[in-house]
2 protein chains.
Amino acid sequence: MSVTNTAVSPQVGGPVPAGPCGDDDCGIRDVLDRLGDRWTVLVLVELSKGTRRFRELERAIPGISQRMLTVTTKRLCRDGLVERTVYATVPPQTEYRLTPMGESLAAMVSALADWSRDHKDAITGARGRWDEQQTEGMARAVGVTTPYPGPASAADRRKPRQEPLS
Amino acid sequence: MSVTNTAVSPQVGGPVPAGPCGDDDCGIRDVLDRLGDRWTVLVLVELSKGTRRFRELERAIPGISQRMLTVTTKRLCRDGLVERTVYATVPPQTEYRLTPMGESLAAMVSALADWSRDHKDAITGARGRWDEQQTEGMARAVGVTTPYPGPASAADRRKPRQEPLS
DNA sequence: CTGTATCCCCTGAGATACTG
DNA sequence: CAGTATCTCAGGGGATACAG
């Protein structure tokens with residue numbers, strides 16, 4: 001997300017001028033910043049099924065890389081959402097599992113998942129219609145009170161470009 | 001959040017082998033990708049209070065830039081979560097408001113907001129303890145590396161730059 | 001097995017200037 | 001007022017090689 005705080009270096013417990021939103025933000029960001037990345041949710045979901053070892057998680061979450069799995073689990077641990085237990089066995093073994101707090105978050109995520117499923121089609125449809133309109137607009141060179149100019153780059157950026165670049 | 005589909009599973013055998021999680025992902029990502037950025041949630045929340053015009057939103061959401069407000073609202077419109085109405089009045093006027101679907105999402109977000117507030121302290125505490133342990137470890141094992149989600153950037157990033165750039 | 005360190009590209013997003 | 005276009009920079013995250 002960036003937030004560009006390049007030259008900040010504040011004292012952690014610093015001010016942080018209240019929340020931009022008097023009563024609606026207040027921490028949502030903290031949660032979303034965590035859920036926002038590509039893997040956290042998946043790890044959370046996997047762990048909600050039970051304790052897992054490093055490799056198990058890796059296998060359960062296809063596209064993830066070792067690095068990202070490490071980073072992700074570490075963040076989760078730091079926030080007290082996941083607990084890590086290391087066994088000094090010959091082949092090292094580590095177990096990850098949700099803390100009670102982690103479980104409650106996982107529950108919230110499930111709610112979102114349900115919502116997603118329920119509205120997936122609606123969203124896809126909406127996107128289709130929107131993109132269509134944009135395309136039209138461009139083709140017709142903006143006739144009347146066209147609500148929108150050309151999506152020169154606006155629409156462009158939205159193109160899911162999934163091309164297997166090779 | 002990026003999701004960089006570029007390298008996700010391009011040259012891999014299949015076209016993103018179905019959902020990584022047989023039944024837990026399936027669209028959550030679509031939602032999270034939207035909620036993940038810095039402004040979407042705030043816009044959603046503001047609109048959940050009622051219809052708003054461009055400037056109103058801008059003022060209601062402190063740090064946001066025109067560009068980001070435009071980008072964010074446009075995304076929401078595309079996904080059918082927000083509806084845009086343009087009035088061809090002398091000083092142009094545009095109104096944004098949640099669609100029914102948008103409202104239901106806003107509700108989910110509220111749930112997350114509540115969760116956040118309820119666990120904010122717990123998370124902060126957990127981080128504190130975790131960071132403490134890390135520091136200890138470093139002190140005892142010289143040059144261990146200073147690697148991770150240390151507050152260096154993770155906690156740091158929370159600084160919302162509210163500077164009233166005059 | 002469980003991580004860690006390095007290189008590197010891509011995307012998000014702020015600043016700024018311009019248009020209708 | 002309501003946007004759009006462009007430049008730029010920092011961070012996320014993938015790939016890969018190395019380590020305990």
Side-chain angles (χ1 to χ4, degrees), chain A residues 1-8 33-34 36-40 52-59 62-75 84-96 142 145-158 161 165, chain B residues 1-12 33-34 36-40 52-59 63-75 77 84-96 141 143-149 152-154 156-157 160-163 165-166:
Chain A
M1 229 165 273
S2 81
V3 183
T4 313
N5 42 27
T6 316
V8 184
D33 278 349
R34 221 132 307 290
D37 67 89
R38 195 167 162 67
W39 309 110
T40 301
R52 291 285 185 281
R53 302 218 338 253
F54 193 83
R55 292 287 327 201
E56 293 180 322
L57 281 175
E58 193 173 4
R59 272 188 287 268
I64 201 169
S65 63
Q66 286 197 327
R67 177 176 173 279
M68 288 321 294
L69 182 53
T70 301
V71 171
T72 303
T73 53
K74 194 165 292 186
R75 277 181 192 157
R84 203 182 94 138
T85 314
V86 181
Y87 296 95
T89 58
V90 180
Q93 190 172 324
T94 314
E95 281 187 353
Y96 295 91
V142 186
T145 68
T146 307
Y148 251 61
S153 73
D156 204 49
R157 58 202 305 300
R158 283 289 45 185
R161 56 191 297 308
L165 44 90
Chain B
M1 82 197 40
S2 82
V3 179
T4 314
N5 34 34
T6 314
V8 176
S9 67
Q11 50 266 103
V12 182
D33 278 350
R34 220 132 309 288
D37 66 87
R38 192 167 165 66
W39 309 109
T40 301
R52 291 285 186 280
R53 305 212 342 248
F54 194 83
R55 293 289 310 191
E56 293 181 323
L57 280 174
E58 194 174 3
R59 272 189 287 269
I64 201 169
S65 64
Q66 285 199 328
R67 177 177 174 279
M68 289 321 294
L69 181 53
T70 301
V71 171
T72 303
T73 53
K74 193 167 291 185
R75 278 180 190 157
C77 285
R84 202 183 94 135
T85 314
V86 181
Y87 296 95
T89 60
V90 181
Q93 191 172 323
T94 314
E95 282 188 353
Y96 294 90
V144 175
T145 58
T146 327
Y148 271 37
S153 74
D156 209 39
R157 63 208 306 297
R161 44 174 299 309
Q162 298 257 99
E163 281 57 359
L165 35 100
S166 71

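Chain letters run A, B, ... following the sequence lines, proteins first and then strands; every chain starts at 1.
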Round to the nearest Å and state the distance from [X] atom [atom1] to [N] atom [atom2].
X: D33(B); N: dG12(D); atom1: CG; atom2: C1'; result: 13 Å
X: R38(B); N: dG11(D); atom1: CZ; atom2: C1'; result: 14 Å
X: R67(B); N: dG12(C); atom1: CZ; atom2: C1'; result: 7 Å
X: I64(A); N: dG14(D); atom1: CD1; atom2: C1'; result: 11 Å
X: L69(B); N: dA15(C); atom1: CG; atom2: C1'; result: 16 Å
X: R75(A); N: dT4(C); atom1: CZ; atom2: P; result: 14 Å
X: M68(A); N: dT4(C); atom1: CE; atom2: C1'; result: 14 Å
X: R34(B); N: dT11(C); atom1: CZ; atom2: C1'; result: 14 Å

Write down the protein N/O and nucleotide N/O pairs, taken from nucleotides 1-3 of chain C, whose separation is under 3.5 Å; answer none if there are no such pairs.
residue, atom, partner, partner atom, Å
dC1(C), OP1, R55(A), NE, 3.4
dC1(C), OP2, R55(A), NH1, 3.0
dC1(C), O3', P92(A), O, 3.2
dT2(C), OP1, R53(A), NE, 3.2
dT2(C), OP1, T94(A), N, 3.4
dT2(C), OP2, R55(A), N, 2.9
dT2(C), O3', T94(A), OG1, 3.4
dG3(C), OP1, R84(A), NH1, 2.1
dG3(C), OP1, R84(A), NH2, 3.2
dG3(C), OP2, T94(A), OG1, 3.2
dG3(C), OP2, Y96(A), OH, 2.5
dG3(C), N7, Q66(A), OE1, 3.1
dG3(C), O6, Q66(A), OE1, 3.1

Checking T73(B) side chain against T70(B) main chain: does a donor-acceptor pair fall under 3.5 Å?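 Here the side-chain-to-backbone pair exists.
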
Any side-chain heavy atom of F54(B) sitting closer than 4.5 Å to one from L69(B)?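 F54(B) vs L69(B): side chains touch.
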
Considering only heavy atoms from C-beta outward, does the side chain of R53(A) approach that of T94(A) to under 4.5 Å? no

Inter-residue atom distance [X].[atom1] - [Y].[atom2], 0.5 Å rounding:
X: M68(A); Y: R38(A); atom1: CE; atom2: CZ; answer: 10.0 Å
X: E56(B); Y: E95(B); atom1: CD; atom2: CD; answer: 8.0 Å
X: R59(A); Y: I64(A); atom1: CZ; atom2: CD1; answer: 13.5 Å

Using the side chain to side chain contact (heavy atoms under 4.5 Å, CB included) rule, take L57(A) and Y96(A) through it: C-alpha gap first, then chi angles, then the decisive distance, then the call. CA-CA 9 Å; L57(A) 281 175; Y96(A) 295 91; 4.0 Å; yes

Given axes from five pairs at either end, by how many degrees does the helix from dC1(C)-dG20(D) to dG20(C)-dC1(D) bend, rounded to 10°? 40°

Set out, in order, the CA-CA distance, both residues' side-chain angles and the distance that settles side chain to side chain contact (heavy atoms under 4.5 Å, CB included) for E58(B) and Q66(B), then state yes or no. CA-CA 7 Å; E58(B) 194 174 3; Q66(B) 285 199 328; 3.3 Å; yes

Does W39(A) make a side-chain N or O approach to OP1 or OP2 of dG12(D) shorter than 4.0 Å?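 It does not, given that no N or O in the side chain of W39(A) lies less than 4.0 Å from OP1 or OP2 of dG12(D).
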
Verdict with reasoning, D37(A) to R75(A), per side chain to side chain contact (heavy atoms under 4.5 Å, CB included): CA-CA 11 Å; D37(A) 67 89; R75(A) 277 181 192 157; 3.7 Å; yes

